[in-house]
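Here the structure comes first, spelled out in structure tokens, and everything after it is commentary.
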Amino acid sequence: MSCFINTIGNDGSAYRDEMNQDELQTCQITGQKRRVKNKRYPIITLVLYFGKTPWKKPLCLYDALDIPPRLRAFVSDYKINVIDVPRLTYKQVGKFVSDFRIIADYFVQICNKKEYQPNKQKIRHADGLLKLMSVLTNDKRYMEVYSTDLDKMEGLDMCEVLDRVESRGESRGREIGKEIGKKYGIETINKLYALLLAKGLNDDVTKAIRDKTYCDYLLNKYRSALV
């Protein structure tokens with residue numbers, strides 16, 4: 001429901017901005033004022049959805065509300081335009097011409113093939129792309145690259161960016177590994193990784209290597225099994 005409220009509010013605000021751009025002109029002969037309306041343009045809002053599962057929520061206000069049939073004629077419907085990015089086709093992704101094609105291509109490949117093979121499209125706006133990738137993937141390495149190498153990102157392709165991201169992650173992983181090793185001992189850490197791998201928790205191993213706080217959490221969680 002909040003999606004509809006936000007969309008309706010944003011669209012209404014945009015139409016209000018159009019109206020506020022109208023001008024008041026004063027006739028030099030009569031002194032009368034009249035409002036000169038600027039041309040009105042339609043407001044089209046797109047909702048970009050990046051969820052791991054297909055969008056299943058309502059797409060119109062009628063479906064989101066419990067409206068008795070006798071009142072439906074008096075309630076204005078409102079539709080939202082949802083783009084389910086990970087479920088786009090490769091042909092649809094190819095129609096984008098901005099940096100967003102890189103982002104859409106990443107999520108479509110991850111959704112379909114569970115892995116990402118970057119293309120050679122050059123990045124035009126590294127600032128926005130790295131920030132959005134960091135938020136959408138929950139991978140802090142994009143922001144670490146952003147904060148140190150932003151001036152070198154313009155004109156690179158995603159393959160070159162990922163090389164820098166991976167290098168940053170490996171460097172950070174070694175630093176965290178040293179800190180954790182000093183605190184708990186290498187043998188204990190190795191036992192934890194072996195335990196996680198035996199349980200099929202490969203993602204937890206990767207996250208523990210990169211995130212000291214998460215590694216501490218896992219060590220406490222499996223403390224009894226590591227003795």
Side-chain angles (χ1 to χ4, degrees), residues 2-3 6-7 9-11 13-14 17 41-55 57 59 80-178 202-215:
S2 61
C3 186
N6 292 336
T7 302
N10 291 336
D11 288 357
S13 177
D17 287 341
Y41 296 95
I43 305 300
I44 300 175
T45 299
L46 302 177
V47 178
L48 301 178
Y49 174 68
F50 294 90
K52 293 182 178 180
T53 58
W55 176 279
K57 295 182 179 180
L59 293 173
I80 57 175
N81 304 299
V82 176
I83 298 179
D84 193 341
V85 177
R87 262 64 61 180
L88 292 174
T89 65
Y90 290 107
K91 184 177 181 179
Q92 290 172 320
V93 172
K95 292 181 179 180
F96 294 110
V97 296
S98 67
D99 286 344
F100 184 73
R101 179 164 62 180
I102 298 174
I103 296 173
D105 182 55
Y106 171 86
F107 280 93
V108 169
Q109 287 195 44
I110 293 296
C111 179
N112 291 315
K113 300 186 294 187
K114 310 303 179 185
E115 61 180 7
Y116 175 57
Q117 181 63 43
N119 59 40
K120 294 297 183 180
Q121 179 182 343
K122 300 299 182 181
I123 298 172
R124 299 178 184 176
H125 306 286
D127 176 87
L129 185 140
L130 291 174
K131 287 180 179 177
L132 190 55
M133 285 296 293
S134 180
V135 171
L136 295 176
T137 63
N138 196 29
D139 191 335
K140 297 179 181 178
R141 292 177 300 169
Y142 287 102
M143 286 306 298
E144 291 174 358
V145 171
Y146 166 83
S147 63
T148 58
D149 299 333
L150 179 61
D151 58 331
K152 304 174 184 177
M153 294 290 104
E154 304 290 347
L156 297 182
D157 58 44
M158 200 59 180
C159 184
E160 294 168 309
V161 169
L162 289 178
D163 285 343
R164 293 173 182 263
V165 169
E166 190 64 30
S167 176
R168 182 71 59 182
E170 291 175 356
S171 176
R172 179 60 179 153
R174 286 193 294 269
E175 293 175 6
I176 293 175
K178 290 179 180 178
N202 298 35
D203 290 343
D204 280 352
V205 174
T206 301
K207 188 173 181 180
I209 292 173
R210 296 172 178 170
D211 189 333
K212 180 178 179 298
T213 302
Y214 189 69
C215 187

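Please read these numbers as outputs of a predicted model, since none were measured by experiment.
- Here the side chains of T45 and N81 are not in contact, with every heavy-atom distance at 4.5 Å or above.
- Between G51 and P86, the shortest heavy-atom contact is O-CG, 3.5 Å.
- Summarising the geometry of I43 relative to D11, their closest heavy-atom pair is CG2-OD1, 3.7 Å, with the distance given to 0.1 Å.
- Shown here is K113, whose NZ atom has more than 12 heavy atoms of other residues, nucleotides or ligands within 6.0 Å.
- Listed by chain and number, the residues in a side-chain contact (heavy atoms from CB on, under 4.5 Å) with V135 amount to none (sequence neighbours excluded).
- Nearest heavy atoms, I110 versus E115: CD1-C, 3.8 Å.
- With sequence neighbours left out, Y90 forms a ring-ring contact (aromatic ring centres under 6.0 Å, His included) with no residue at all.
- V47 has its side chain within reach of T7: a pair of non-hydrogen atoms, C-beta onward, lies under 4.5 Å apart.
- Residues D105 and Q117 come closest through the heavy atom pair OD2-O, 4.4 Å.
- R87 meets the salt bridge (Lys or Arg N to Asp or Glu O under 4.0 Å) test with D84; sequence neighbours excluded.
- Rounding to the nearest 0.5 angstrom, the gap separating the CG atom in D204 from the OG1 atom in T206 is 8.5 Å.
- Distance check: F107 CZ to M133 CE gives 6.0 Å after rounding to the nearest 0.5 Å.
- Using a 4.5 Å heavy-atom cutoff, the side chains of I103 and L136 are in contact.
- Not one N or O on the side chain of S134 forms a donor-acceptor pair closer than 3.5 Å with the backbone of L130.
- A salt bridge links K131 with D127: at least one charged nitrogen is closer than 4.0 Å to a carboxylate oxygen.
- Scanning both residues, R101 and Q121, for their nearest heavy atoms gives NE-OE1, 2.8 Å.
- Note that OH of Y116 and OH of Y106 are 8.5 Å apart. Values are rounded to the nearest 0.5 Å.
- The 12-atom threshold is not exceeded at CG of N138, counting heavy atoms of other residues, nucleotides or ligands nearer than 6.0 Å.
- A donor-acceptor pair is defined here as one N or O able to donate and one able to accept, closer than 3.5 Å; no such pair exists between the side chain of D99 and the backbone of I123.
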